[in-house]
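Here is the structure we will look at, set down as C-alpha cells.
Proteins come first, then strands; the chains are lettered A, B, ... in the order of their sequence lines, and each starts at number 1.
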2 protein chains.
Amino acid sequence: MLSQQKQPKALNIGRPRSPKIDRKVLAAAAKLVLSDGFGTLTMDAIAAEAGVGRMTLYRRWPNKAAIVMDAFVARVDPNTLFPSDGDYLETIRLQMRTMAKAFRGEDGVLIRALLGAAQLDPDLAAALRNRWTMPRRKMAAEYFREGMRQGYLRPDADPDALIDLLYAPIYYRLQMGTGPLSNAYVDAIFDHAMKGFRNDH
Amino acid sequence: MLSQQKQPKALNIGRPRSPKIDRKVLAAAAKLVLSDGFGTLTMDAIAAEAGVGRMTLYRRWPNKAAIVMDAFVARVDPNTLFPSDGDYLETIRLQMRTMAKAFRGEDGVLIRALLGAAQLDPDLAAALRNRWTMPRRKMAAEYFREGMRQGYLRPDADPDALIDLLYAPIYYRLQMGTGPLSNAYVDAIFDHAMKGFRNDH
DNA sequence: CAGTTGTGATACGGGATGTATCGTATCACA
DNA sequence: TGTGATACGATACATCCCGTATCACAACTG
C-alpha cells in the first residue's frame with residue numbers, strides 16, 4: 001500500500017492531478033497536528049493551511065486520518081534503520097534509542113494520534129500495520145535471524161517474541177505516560193530482555 | 001478518582017439523583033460499544049438505550065468517553081488479580097493468561113476504545129492511568145517486591161521494568177493486531193522475560 | 001407549606017462532515 | 001485547433017452530533 005490516496009478516475013485522459021498538492025497538504029496536516037493536536041484537526045483547516053480547496057482533499061483521501069498517515073510516513077520513512085557497522089548487540093540498543101528519541105519528539109505526537117485513531121478505524125489500523133509496523137518488524141526480524149546465524153543470539157530464539165519484548169515497552173510508555181522514554185529506560189528494557197536471548201557461549 | 005462523574009450541586013437539599021440511572025447508563029454504553037463500536041457511539045444513542053434524558057447524561061458525565069470509562073471499570077474491577085496460593089512464578093504466568101483472555105473478549109474491545117480515545121483526550125488519559133493502569137501496576141510491583149524478598153526474583157531486579165516487559169507486549173498485540181493473544185504467546189513472553197529476572201540460585 | 005435540585009423533553013446555535021454543483025484550468029487525442 | 005474528459009477552487013447544502021438552555025414536573029428537606 002503506497003499511500004492512503006484514492007485513485008484518480010482515469011489515467012491518461014483529462015487534467016492530471018497536480019503533484020505539488022500532495023506536498024502542500026501533507027506538510028499542512030503535519031504542522032496542524034503538531035501545533036494543535038489531532039483532536040481539533042479538521043479538513044477545513046488543512047485545506048486552508050495548504051491553500052487548497054476542500055473538495056480536493058475529499059477527492060484524494062477518504063478522511064483526515066488517511067492524510068495524517070501519509071504525512072507521517074512521508075516524514076519518517078528513511079529513519080530508524082539498523083546501522084550496518086559496529087557491534088551486533090550494541091546496534092540493537094542504538095536503534096532502540098533512535099526510535100525512543102523520535103518518539104520523544106514530533107514523531108511521537110504523530111504516531112500517538114495515528115494509534116488512537118486506528119482503534120476506531122479498521123482501515124487506518126490496517127494501513128498502520130502494513131505501512132509502519134510490519135515493514136519495521138520485518139527488518140528487525142531479518143537482523144535478528146542474521147544474529148542467530150552468526151551466533152550473537154541463541155539459535156532457538158523467537159524473533160517475533162524478541163521484537164515484542166524490546167519494542168512493545170516503548171510504545172507502552174509512549175501511550176500510557178508511565179515514565180520518560182529516556183535512554184536509561186531503553187537500556188533497562190534492552191538489558192533485561194536480552195538476558196533471555198543473548199548467546200553466552 | 002472514584003468515577004468520572006460530575007458532583008451533584010448540593011448534598012442534602014433538593015431532589016437526590018436517582019441511583020438506578022447509573023446502572024442503566026453504564027450498561028447501555030457498554031452494550032452499544034460492544035455492538036457498534038466506539039466510533040459511532042453518541043450521547044443520544046446512550047440516552048435512548050438507557051431510557052434516560054440526554055440532559056441527565058451531561059449533568060453527570062463530561063463526555064461519552066467518561067461514561068465508557070466508568071462502564072469499563074465497573075465491569076472489570078474485580079478481575080485480573082493475583083491469586084494468593086500456588087507456585088510464585090506460575091502465579092504470574094496465570095495472571096498474564098487471565099488478562100490476555102479478558103483482552104481477547106469484550107474487555108479487549110472496551111479497553112481498545114478507551115486507549116484510542118485517551119490519545120486525543122488528556123483528561124481521559126489521566127483517568128485511565130489513575131483508575132486502570134496504575135492500580136494494577138502497584139499490585140504487580142508489590143507482588144514482585146515480595147518475590148524479591150522471598151528469593152524468587154533477583155534482589156536487584158527493577159519491578160517497573162519487569163512489569164513493562166511482561167505486560168506491554170500484551171497491550172501491543174491488542175492494539176497492533178500482529179498476532180493472537182493466545183496462551184502460547186503469553187507463555188513465550190513470560191518465559192523469555194523471566195530469564196533476566198528469575199533467581200537461579 | 002416553601003425552597004432546592006434532579007429528570008425528561010424539546011429547542012437552539014455552532015461546528016464538522018461528506019456530497020453536489022459551477023465555472024475555469026489542464027491534459028490527450030484527433 | 002477543437003473536442004472530450006478530468007482536476008481544481010469555491011460555494012452551497014443537508015446531515016449529524018455536540019453542548020447549552022429552558023420548561024414543567026417530580027422528589028426531597030426543613
* To do: Consider the side chain of A:Met55, meaning its heavy atoms from C-beta on, and name the nucleotide among D:dG9, C:dA20, D:dA21 that approaches it most closely.
  =>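 Output: C:dA20.
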
Please give, in whole Å, the distance from [N] [atom2] to [X] [atom1]?
X: A:Lys64; N: C:dG18; atom1: NZ; atom2: P; answer: 9 Å
X: A:Asp36; N: C:dG15; atom1: CG; atom2: C1'; answer: 16 Å
X: B:Ile67; N: D:dG19; atom1: CD1; atom2: P; answer: 10 Å
X: B:Leu57; N: C:dG6; atom1: CG; atom2: P; answer: 15 Å
X: A:Lys24; N: D:dC8; atom1: NZ; atom2: P; answer: 10 Å
X: B:Asp44; N: C:dC12; atom1: CG; atom2: P; answer: 17 Å
X: B:Trp61; N: C:dG6; atom1: CH2; atom2: P; answer: 14 Å
X: B:Lys20; N: D:dA26; atom1: NZ; atom2: P; answer: 17 Å

* Asked: Heavy-atom distance under 4.5 Å between the side chains of B:Asp70 and B:Val73, does that happen here?
  ->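 Heavy-atom side-chain distance check fails, nothing below 4.5 Å.
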
* Do A:Lys64 and A:Thr42 come within less than 4.5 Å of each other through their side chains, counting heavy atoms only? ->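 Sidechains of A:Thr42 and A:Lys64: no contact.
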
Under 4.0 Å: is that the gap between some side-chain N or O of [X] and OP1 or OP2 of [N]?
X: A:Arg60; N: D:dC8; result: yes
X: B:Ser18; N: C:dG6; result: no
X: A:Thr42; N: C:dA16; result: no

* Asked: On a plain distance test, is the side chain of A:Arg15 in donor-acceptor contact with the base of C:dA25 below 3.5 Å?
  ->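 Such a pair is found, so the answer is yes.
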
* Can a donor-acceptor pair under 3.5 Å be found between the side-chain atoms of A:Arg54 and the base atoms of C:dG18? ->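 A donor-acceptor contact between them is present.
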
* Could you tell me which nucleotide pairs with C:dG6 by Watson-Crick or G-U wobble geometry, both distances under 3.5 Å, or answer none if nothing does? =>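 When the pairing criteria are applied, D:dC25 turns out to be the nucleotide that pairs with C:dG6.
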
* Classify the angle between the aromatic ring planes of B:Tyr88 and B:Tyr152 as parallel (below 30°), tilted (30 to 60°) or perpendicular (above 60°). =>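 Taking B:Tyr152 first and then B:Tyr88, their aromatic rings lie parallel (interplane angle under 30°).
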
* **Residue met sooner reading DNA chain D from 5', once B:Arg59 and B:Ile13 are mapped to nucleotides** =>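 Going by which nucleotide is closer to the 5' end, it is B:Arg59.
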
* Asked: What residue among B:Arg93, B:Arg173, B:Met96 forms side chain to side chain contact (heavy atoms under 4.5 Å, CB included) with B:Ile189?
  ->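 Of B:Arg93, B:Arg173, B:Met96, side chain to side chain contact (heavy atoms under 4.5 Å, CB included) with B:Ile189 is met by B:Met96 alone.
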
* To do: Ignoring hydrogens and angles, state whether a donor on the side chain of A:Gln5 or A:Arg60 is under 3.5 Å from an acceptor on the partner side chain.
  =>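 Absent: no donor and acceptor within the cut-off.
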
* Could you check A:Tyr58 against A:Asn12 and say which one's nearest nucleotide on DNA chain C is further toward the 5' end? =>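 Looking at DNA chain C, the more 5' nearest nucleotide goes with A:Tyr58.
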
